Amino acid sequence: EKGLVITRAAEAAVIIREFDGEDAAVAYARVQGVPVESLENLDFDEHPFAITVDGEPFVWPANRVVDGKGLRLFGRIRQGTRLNVANAGDIYGTARAALEEKRKQMGEISGILHVNGASRYSARRNQERLDAFGQLFAGTPSIACSSYGETYVGMIAMTSTMVLFK
């Protein structure tokens with residue numbers, strides 16, 4: 001994890017202007033190891049921001065560069081917040097492992113209610129894993145939807161919440 005502190009923000013507009021006194025886009029590009037100009041084509045879903053609260057990660061991506069210097073996020077931000085820059089990782093593999101573990105613990109699962117953050121959908125689409133992800137639920141009655149996320153500090157669009165029924 002590479003941490004950046006929001007030192008200047010337009011909170012109402014949900015735009016980070018600076019991290020650690022440096023233009024937000026420049027700081028983010030530096031952490032990613034890419035030129036700032038390449039951010040226009042970067043998939044922010046693959047490189048989201050994260051905070052940890054009580055040991056639980058809350059993850060959300062930027063959605064675009066603003067004026068070549070700032071980063072707009074999907075949800076509320078606060079000046080002074082430390083954001084870690086993360087990698088989306090293997091969303092499919094993580095979900096598969098979690099479901100396998102729960103099936104071992106619970107035995108047969110009679111149904112699944114699944115609420116999926118919209119950015120997770122985008123990341124899976126970009127990883128060309130949509131069909132494989134759907135197959136994780138094969139044979140189990142399921143209801144699923146994508147949402148624009150839960151809220152804690154802001155809109156969190158990179159999480160998946162499942163309720164499993166025995």
Side-chain angles (χ1 to χ4, degrees), residues 1-4 6 9-16 24 28 31-32 39 41-66 70-79 81-166:
E1 294 181 348
K2 300 167 188 163
L4 298 167
I6 301 171
E11 292 183 16
V14 199
I15 297 171
I16 301 170
Y28 182 81
V31 167
Q32 292 299 331
L39 292 183
N41 299 313
L42 184 72
D43 182 359
F44 289 108
D45 292 333
E46 294 291 327
H47 307 281
F49 292 108
I51 60 172
T52 303
V53 177
D54 294 331
E56 293 294 324
F58 288 84
V59 183
W60 71 104
N63 72 350
R64 67 182 152 101
V65 176
V66 177
L71 295 174
R72 180 168 168 69
L73 272 65
F74 284 108
R76 188 178 78 180
I77 47 134
R78 290 190 178 150
Q79 197 164 295
T81 301
R82 177 187 165 86
L83 297 177
N84 294 310
V85 180
N87 288 311
D90 181 4
I91 291 171
Y92 167 79
T94 302
R96 185 188 72 235
L99 277 171
E100 286 174 0
E101 178 64 26
K102 288 300 177 186
R103 284 186 171 114
K104 286 178 188 173
Q105 289 175 1
M106 295 175 66
E108 185 176 333
I109 295 173
S110 66
I112 300 173
L113 173 61
H114 181 208
V115 180
N116 198 54
S119 291
R120 284 179 65 91
Y121 173 85
S122 295
R124 281 195 318 273
R125 183 189 64 227
N126 295 342
Q127 294 173 359
E128 299 180 1
R129 303 293 293 273
L130 286 177
D131 290 338
F133 191 81
Q135 288 302 309
L136 293 175
F137 305 97
T140 305
S142 302
I143 297 173
C145 65
S146 289
S147 74
Y148 283 103
E150 314 80 53
T151 58
Y152 177 72
V153 173
M155 194 277 308
I156 314 298
M158 292 293 293
T159 58
S160 177
T161 303
M162 293 183 207
V163 178
L164 308 176
F165 298 93
K166 190 166 172 89

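Nothing here was measured: the structure is a model prediction, and the numbers come from that model.
- Using a distance-only test at 3.5 Å, with no hydrogens or angles considered, a donor-acceptor pair links the side chain of Ser110 to the main chain of Lys166.
- Pairing each heavy atom of Arg103 with each of Leu136, the nearest pair is NH2-O, 3.4 Å.
- Contacts of Glu108 classified as side-chain hydrogen bond (donor to acceptor under 3.5 Å, both in side chains), with partners at least two apart in sequence or in another chain: none.
- Looking at Leu4 and Ile16, their side chains never come closer than 4.5 Å, going by heavy atoms from C-beta outward.
- In this structure, Ala24 and Gly70 approach most closely via the heavy-atom pair CB-CA, 4.2 Å.
- Partners of Ile143 according to the side chain to side chain contact (heavy atoms under 4.5 Å, CB included) rule, which considers only residues two or more places apart in sequence or in another chain, are Leu113.
- Between Phe165 and Met106, the shortest heavy-atom distance links the atoms C-CE, 4.1 Å.
- At least one donor-acceptor pair under 3.5 Å links the side chain of Glu11 to the backbone N or O of Gln79.
- Side-chain contact between Val65 and Tyr28 is absent, with no heavy-atom pair separated by less than 4.5 Å.
- Arg72 places a side-chain N or O within 3.5 Å of a backbone atom of Ala13 that can act as its donor or acceptor partner.
- For the pair Ile15 and Leu71, the minimum side-chain heavy-atom distance is 4.5 Å or more.
- Scanning both residues, Ile109 and Thr140, for their nearest heavy atoms gives O-CG2, 3.6 Å.
- Between Glu100 and Arg96, at least one side-chain N (NZ, or NE/NH1/NH2) sits under 4.0 Å from a carboxylate O, which counts as a salt bridge.
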